[in-house]
Amino acid sequence: MAFDGIFTMGMAEELKLRLSSGKIDKIYQPSPEDLVIQVHTRQGNFRLIGSCGSQSARVCLTEDRYQNPVTPPNFCMLLRKYIQGGRITDIHQKDSERILEMDIEAQTEMGFMVSRRLIFEIMGKHSNIVLVDLQSGKILDSIKHISIDVNRCRQLLPGVIYQYPPAQEKVPFKDAAEDHTLVAVSHETDGKYLLDHIGGISPAIARELAGSADPLGALEKIVEDVRQHRVCGVVYVDEKTGPREFHLTDLPEYDGLEKKTFPSLSEAAEFYFSHRISSNVVKQKALPLQRRVKAALDKALLKKKRLGEDLLRAENSDKYRLYGELLTANIHAIQPGAAQVTVTNYYTGEPITIPLNQRFSPSKNAQHYFKKYSKARTAIHEKQTQLQETEEDIQYLNSILLNIERADTEEAVDQIRDELAETGYIRPQKKKDNRRKKPKMSPLTYVLSTGEKVLVGRNNKENDWLTTKHASKNDLWFHTKDIPGSHVILPLQPGQTAEDVSPETIYEAASVAAWHSKARESENVPVDFVPVRHVKKPSGAKPGMVIFTHNTTVHVTPKLPEGSGSAGADQL
């Protein structure tokens, strides 16, 4: 993660340009580690987010909306008391450190103007946000309290004199070009040496500098570009794992990844952290659901196996009927108390040995075999019904697993959890807030090369809504054949029929359906399509489960339309 001293310097310059002389309108604390400040300036209103999370430490402008708690935390209330309504006089970096300071002039309850400083310490798990009174140098409060039990050298508690983190024995990156010792060896150093001797640079920048002909000259140029506002945000994105790195300069070592360039450092930082944090939060929320569903799926598969074995045994029950018939036909030839009897099978003419229960009479043994045969025949019907229900459960659970794997937002995971609670696979959660809004149906929308749009359900509930309520009867419905996947709808114009749709459009829409299925990594995937009027949802069926007729099957390679992506699709 590259929120190093150089990026902090660039962010300080950017925020100073945007927020200087701005008035602090509102202050929120959406989570224990995040702070949002709304600032009014001549250029308009801006929202600043500061975070001290170990994996999300940053300070930058944001366009995102955050949900705030009903009762503001104590630190938020204190900031509202001391700096809300104040004016920002300066924003700067502390030396070459990952510390950004915001100086604020605010009015006291008595009408006196006082100077206070909001300090953002961006140092991984040691990050913090501290409000200091400039006149006394004392801490008014901090978002995380650090007592002497945690750190003997530096306490962050109200009333304590604020002290900066201990300086490292390194040359600040702003002064590196003037350090004679570094200049003498700079041409023979590697990235580790630069990282160990220059303060405020990240490993990625150290490796980049070491690869240049003049490392310190390259560093000096980066610093000068920052001072002259000649930098922009750069984020390198891995298609599978998401954002990998970001900075205010190019990092050639990541050239194999997708490079996204942003006009401001704030936009780059927010893109990086919002996608990274969102991905981590979604994974954390989805993991318990995934475990539950996998456990239920394993149980259903085991049940299917046992039902199959029971059904096989029941289907082999004709021998019991034969035993009963042969015993009845030869009842006078059987000795009472015999353990077995050998008689002629009049169907084949061959001898057959029948086991007997010595406690029962010959007629009672015959009745016993007829009863076993009757029981087995009844069991066949029951086992077949149970087997069909189990097959439906397995199909449903596989679709849920697919939805969990593809969920990319917390809202999507919450919808899946609600669905599992409604279908009885997990216990319903106690809702803390009765004002929770009903999730809005917003299927993904892709534009095909021919200009038509296709709609894709993101989960089973959305699949149901899309197919049974939103789509018109003449619209085309697509789904992978016998493979878990999303419902895909190709809307048609009034009066238009399936025969009016070009083969190119059919195959392209089918490719989208294959992409949003368990067969995404496969080729030659079978996809059924049929007018929506032939798709029905049986009474009592689980979410997303439908039956259909009059279908046509095409084979396609999973693919999204050119210029689209699962994360970049528009929403309704």
Side-chain angles (χ1 to χ4, degrees), residues 3 7-31 33-52 57-66 68 72-73 75-94 97-109 111-122 127-135 139-143 162 226-233 248 262-271 273-274:
F3 212 116
F7 196 88
T8 304
M9 177 185 179
M11 186 61 71
E13 294 289 338
E14 180 177 297
L15 296 180
K16 183 176 182 178
L17 195 64
R18 299 275 188 91
L19 303 182
S20 285
S21 301
K23 179 185 175 183
I24 297 177
D25 273 346
K26 296 177 181 178
I27 302 173
Y28 303 104
Q29 191 177 342
S31 75
E33 297 179 330
D34 296 331
L35 184 69
V36 177
I37 301 174
Q38 185 168 308
V39 182
H40 175 73
T41 72
R42 292 181 180 179
Q43 291 79 29
N45 292 327
F46 295 94
R47 278 195 303 277
L48 179 79
I49 180 169
S51 176
C52 59
R58 69 195 186 279
V59 54
C60 60
L61 299 177
T62 180
E63 294 290 336
D64 291 343
R65 298 281 182 178
Y66 293 86
N68 299 301
F75 185 66
C76 178
M77 295 296 290
L78 180 134
L79 291 183
R80 289 177 180 178
K81 175 182 178 182
Y82 284 118
I83 63 173
Q84 187 163 298
R87 195 164 296 278
I88 298 171
T89 58
D90 190 24
I91 297 177
H92 55 270
Q93 178 187 25
K94 164 65 176 171
E97 302 294 333
R98 291 176 293 168
I99 298 175
L100 191 144
E101 300 179 331
M102 178 186 293
D103 291 344
I104 303 160
E105 281 191 353
Q107 206 171 40
T108 65
E109 295 175 351
F112 299 108
M113 296 300 296
V114 293
S115 296
R116 287 165 181 143
R117 177 172 288 170
L118 191 61
I119 304 173
F120 299 89
E121 300 178 352
I122 308 161
S127 300
N128 212 331
I129 303 174
V130 188
L131 181 65
V132 176
D133 180 82
L134 283 180
Q135 185 176 0
I139 298 172
L140 296 174
D141 205 353
S142 60
I143 199 167
Y162 177 78
V226 172
R227 287 173 176 156
Q228 298 299 323
H229 306 287
R230 294 194 299 255
V231 293
C232 60
L248 49 70
F262 297 85
S264 71
L265 303 188
S266 289
E267 290 178 64
E270 267 303 87
F271 177 88
F273 285 105
S274 62

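Remember, predicted model here, so these are calculated numbers, not experimental data.
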Could you tell me the separation between the [atom1] atom of [X] and the [atom2] atom of [Y], rounded to the nearest 0.5 Å?
X: Leu15; Y: Leu48; atom1: CG; atom2: CG; value: 6.0 Å
X: Phe7; Y: Arg98; atom1: CZ; atom2: CZ; value: 13.0 Å
X: Glu105; Y: Ile24; atom1: CD; atom2: CD1; value: 11.5 Å
X: Met11; Y: Leu61; atom1: CE; atom2: CG; value: 7.5 Å

In plain terms, say whether Lys94 and Glu101 are close enough for a salt bridge, that is, a side-chain N and a carboxylate O under 4.0 Å apart. no
Taking all non-hydrogen atoms of both residues into account, name the closest pair between [X] and [Y] and its distance.
X: Ala12; Y: His92; result: CB-C, 4.0 Å
X: Phe75; Y: Ile143; result: CE1-N, 3.6 Å
X: Leu248; Y: Val231; result: O-CB, 3.7 Å
X: Ile129; Y: Ser51; result: CD1-N, 4.3 Å

Would you sort out whether Glu267 and Glu63 count as a side chain to side chain contact (heavy atoms under 4.5 Å, CB included), showing the intermediate values? CA-CA 9 Å; Glu267 290 178 64; Glu63 294 290 336; over 6 Å; no
Ignoring hydrogens and geometry, is there a side-chain-to-backbone donor-acceptor pair from [X] to [Y] under 3.5 Å?
X: Arg58; Y: Phe273; value: no
X: Glu270; Y: Asp64; value: no
X: Arg87; Y: Ser21; value: yes

Donor on one side chain, acceptor on other, Thr8 and Gln93, under 3.5 Å: no
How about Phe271 and Phe262: are their ring centres within less than 6.0 Å of each other? yes
Counting C-beta onward and ignoring hydrogens, is there a side-chain heavy-atom pair between Asp103 and Thr89 closer than 4.5 Å? yes
Flag if over 12 foreign heavy atoms under 6.0 Å of CD, Gln135: no
By the definition side chain to side chain contact (heavy atoms under 4.5 Å, CB included), identify the one residue from Val130, Leu79, Ile91, Leu100 that meets it with Leu118. Leu79
